[in-house]
Student: 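Dumping the structure here so I can ask a few things about it.
Counting from 1, the numbers follow the sequence of the chain as shown. Note: hydrogens, waters and symmetry copies are ignored here, and every other heavy atom, side chains too, is used.
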Amino acid sequence: MKASSKVMALLISISLLCVLVVGCGEKKPTDSNQTTVEDNNKDQDNNDNKEAKKVELRIATMFGGTDPSTETFEQSLKDFMELHPNIKIKNESMTSVGDEYRTKVKTDFSSGNEADITFFYTGADVKGIINSKKVMPYDEIWKDFPEVGKDITDGIKNSIREADGNVYALPLTGFYEGLFVNKALFDKYGLDLPTNWEKFQKAVEVFKENDIVPFAGPIAQSHYMIEHFVLSQAGAEGHMDVLENGAPEDWVKAFNNIKDLYEKEAFAKDSLVMDIEMAQNLFRQEKAAMILEGSWFIGGCEDELKDKMAIIPMPAASDKMDPTSIIAGFSTGYYVSRSSYEDKNKQQAVIDLVSYLTSADRIKAIAGANGGSPSANVQVEGLHPLYIEGHKMVANAKTLNMPIDSRLSPEAFNVIVKDGIPFIVEGQKTPEEVLQAVKETNER
């Protein structure tokens with residue numbers, strides 16, 4: 001064999017050997033679908049780090065203080081954190097009685113200090129927050145997370161769409177309001193339940209004569225009285241007025257009806273400084289025979305008192321009100337902060353929490369605590385008959401109106417509460433003067 005042939009054979013042998021020994025230093029294939037053991041280990045490490053990463057969320061709700069849902073809500077947060085040990089929740093809930101909670105939420109949003117998830121009102125109360133683009137439309141969230149709020153019925157979701165057509169809040173329970181009466185006191189003095197205006201006036205007269213406060217109405221915080229006295233006088237359609245044409249005659253009469261009761265001493269002597277909680281306690285202690293309240297009020301009453309109670313629509317003061325008409329609807333829900341949703345470190349935790357809190361089980365638990373109408377198709381067992389009575393009142397109502405403050409701005413409604421009713425009953429302002437101020441405030 002020639003020398004050149006020997007060299008050629010040697011080179012071929014070396015080439016074959018190189019192929020067997022992983023390419024003799026050539027680069028490994030770069031096929032994007034190929035994964036090495038080393039890459040798998042790195043991915044697993046990243047997943048472990050992601051799972052272990054701690055996230056803290058802030059939540060603000062009305063389930064605080066004396067609210068009947070407080071204990072149930074707090075237990076839900078504990079249960080969630082047990083399921084998600086990497087998520088810590090800071091609960092900033094407080095009672096919704098008065099204006100403190102509204103003020104806190106609006107101040108937090110305006111200052112950039114909003115909670116990650118906030119349970120708040122719909123309608124006029126949240127208009128400024130929505131316009132600021134600081135809360136997420138669920139219609140946008142559902143594109144990536146369609147399971148959020150899946151147990152809430154479509155009809156209820158659609159009922160709380162805002163003016164721009166979007167859903168921003170996911171509700172838990174609906175509410176109803178009405179006149180709660182102590183049947184035992186009515187029986188004791190031989191009185192019929194106040195199902196019409198004459199019987200209502202008669203009850204006021206008899207209870208006053210027997211040193212029982214006829215009506216636990218806090219003049220200083222007259223939110224529920226305003227609602228019901230306007231509905232009672234103006235009817236469902238008149239109640240919907242937003243004062244575009246000035247002071248409605250029926251609203252003037254409604255405010256004068258409150259003044260008339262005040263002059264007849266239907267309220268407690270300290271009603272001008274009494275707040276809602278004081279009025280509630282007056283009724284719970286059976287020192288007052290009647291109170292206008294919402295379905296949430298039942299949960300704060302002892303069973304012994306519930307057995308003595310009934311709930312009926314506010315009696316009609318004119319033939320404009322259908323006697324079955326009530327204030328009711330879905331007016332609160334969970335909002336998701338835009339800044340939190342767009343924070344990739346928080347997004348999944350926020351979605352997990354709001355999904356958990358709006359699940360059928362959690363809705364059922366809250367409805368069982370506050371007696372409201374659940375937003376999911378669930379059956380709430382073990383409710384006191386008074387709750388069932390309230391649900392029947394809703395079912396029998398020909399009209400269900402949302403509260404006035406869902407249409408007027410909060411500032412305008414507060415003109416009636418703070419600068420209106422207390423001065424009207426004392427004769428220092430006329431209803432016309434107050435309503436003109438309300439109109440002007442609402443148009444700003």
Student: To check you understand the geometry: which heavy-atom pair defines the closest contact between Lys429 and Glu433, and what is its length?
Tutor: CA-OE1, 3.4 Å
Student: Charged N to carboxylate O below 4.0 Å: is that the case for Glu92 and Lys104?
Tutor: yes
Student: Would a 4.5 Å heavy-atom cut-off, applied to side chains only, mark Met225 and Phe267 as touching?
Tutor: yes
Student: Should the ring pair Phe175 and Trp296 be called parallel, tilted or perpendicular, given that the plane angle runs from 0 to 90° and is split at 30 and 60?
Tutor: tilted
Student: So, do Phe63 and Phe119 have ring centers that fall under 6.0 Å from each other?
Tutor: yes
Student: Are the side chains of Thr118 and Ile59 in contact, using a 4.5 Å heavy-atom criterion?
Tutor: no
Student: Let me see the working for Lys306 and Asp303 under salt bridge (charged side-chain N to carboxylate O under 4.0 Å, His left out), right down to the final yes or no.
Tutor: CA-CA 5 Å; Lys306 291 175 191 173; Asp303 284 347; 3.3 Å; yes
Student: Examine distances only and state if a side-chain atom of Ser232 and a backbone atom of Ala317 form a donor-acceptor pair shorter than 3.5 Å.
Tutor: yes
Student: Is any NZ, NE, NH1 or NH2 atom of the basic residue among Glu342 and Arg338 found under 4.0 Å from an Asp or Glu carboxylate oxygen of the other?
Tutor: yes
Student: Any heavy-atom pair between the side chains of Lys183 and Leu193 that's under 4.5 Å?
Tutor: yes
Student: So do the side chains of Asp192 and Lys202 get within less than 4.5 Å of each other, counting heavy atoms only?
Tutor: no
Student: Does any part of the side chain of Arg407, heavy atoms only, come nearer than 4.5 Å to the side chain of Met240, both counted from C-beta?
Tutor: yes
Student: Let's go through Met94 and Glu100 carefully: what are the C-alpha distance in whole Å and the side-chain angles of both, what is the deciding distance for side-chain contact (heavy atoms from CB on, under 4.5 Å) to 0.1 Å, and is it a yes or a no?
Tutor: CA-CA 9 Å; Met94 57 189 290; Glu100 289 82 2; 3.8 Å; yes
Student: Salt-bridged, Asp139 to Arg161, with N to O below 4.0 Å?
Tutor: yes
Student: Nearest heavy-atom pair of Thr61 and Ser93: which atoms, and what distance?
Tutor: OG1-OG, 2.5 Å
Student: Tell me whether Glu147 at atom CD has more than 12 heavy atoms from other residues, nucleotides or ligands lying less than 6.0 Å away.
Tutor: yes
Student: So if I apply the side-chain hydrogen bond (donor to acceptor under 3.5 Å, both in side chains) rule between Arg102 and each of Thr107, Asn414, Asp405, which one comes out positive?
Tutor: Asp405
Student: Evaluate the criterion side chain to side chain donor-acceptor pair (under 3.5 Å) for residue pair Tyr262 and Glu426; output intermediate values, then yes/no.
Tutor: CA-CA 9 Å; Tyr262 180 78; Glu426 289 275 88; 3.0 Å; yes
Student: Donor-acceptor pair, Asp343 side chain versus Ser339 backbone, under 3.5 Å?
Tutor: no
Student: Answer yes if the side chains of Gln348 and Asp352 hold a donor-acceptor pair under 3.5 Å, and no otherwise.
Tutor: yes
Student: Taking the side chain as everything from C-beta on, heavy atoms only, tell me whether Tyr224 gets closer than 4.5 Å to Phe297.
Tutor: no
Student: State which residues pass side-chain hydrogen bond (donor to acceptor under 3.5 Å, both in side chains) with Lys157; sequence neighbours excluded, sorted by chain then number.
Tutor: none
Student: Hey, mind stepping through Val204 and Leu261 against side-chain contact (heavy atoms from CB on, under 4.5 Å) and telling me if it holds?
Tutor: CA-CA 8 Å; Val204 167; Leu261 286 178; 4.1 Å; yes
Student: Once the angle between the rings of Phe413 and His223 is folded into 0 to 90°, is it parallel (under 30°), tilted (30 to 60°) or perpendicular (over 60°)?
Tutor: tilted
Student: Would you find more than 12 non-hydrogen atoms of other residues, nucleotides or ligands less than 6.0 Å from Gln75 atom CD?
Tutor: yes
Student: For Asp322 and Thr399, does a side-chain donor sit closer than 3.5 Å to a side-chain acceptor?
Tutor: no
Student: Using the ring centroid of each side chain, check whether Tyr168 and Phe120 are separated by less than 6.0 Å.
Tutor: no
Student: Are the side chains of Ile327 and His228 in contact, using a 4.5 Å heavy-atom criterion?
Tutor: yes
Student: If we ignore hydrogens and angles and just use 3.5 Å, is the side chain of Ser132 paired with the main-chain N or O of Ile129 as donor and acceptor?
Tutor: yes
Student: Under a plain distance cut-off of 3.5 Å, with no hydrogens placed, do His239 and Glu227 share a side-chain donor-acceptor pair?
Tutor: yes
Student: Working to the nearest 0.5 angstrom, can you tell me the gap between Glu244 CD and Asn442 CG?
Tutor: 9.0 Å
Student: Answer yes or no: is there a donor N or O on one side and an acceptor on the other, between the side chain of Ser375 and the main chain of Leu172, under 3.5 Å?
Tutor: yes
Student: Would you mind listing every ring-ring contact (aromatic ring centres under 6.0 Å, His included) that reaches into residues 81-116, with sequence neighbours excluded?
Tutor: Phe80-His84
Student: Please examine the side chains of Leu435 and Val252, heavy atoms only from C-beta on, and report whether any two atoms are closer than 4.5 Å.
Tutor: yes
Student: May I ask you to check whether over 12 heavy atoms, not counting those of Glu443, lie within 6.0 Å of atom CD?
Tutor: yes
Student: For the pair Glu381 and Lys364, find out whether any cationic side-chain nitrogen is under 4.0 Å from an anionic carboxylate oxygen.
Tutor: yes
Student: Taking CG in Asn245 as the centre, count heavy atoms belonging to other residues, nucleotides or ligands within less than 6.0 Å. Is the count above 12?
Tutor: no
Student: Passes ring pair (Phe, Tyr, Trp, His ring centres under 6.0 Å), Phe207 versus Phe186? Steps please.
Tutor: CA-CA 9 Å; Phe207 287 126; Phe186 274 80; 5.1 Å; yes
Student: Taking salt bridge (charged side-chain N to carboxylate O under 4.0 Å, His left out) as the cut-off, I'd like each qualifying pair that reaches into residues 283-296, sequence neighbours left out, listed once.
Tutor: Glu286-Lys308
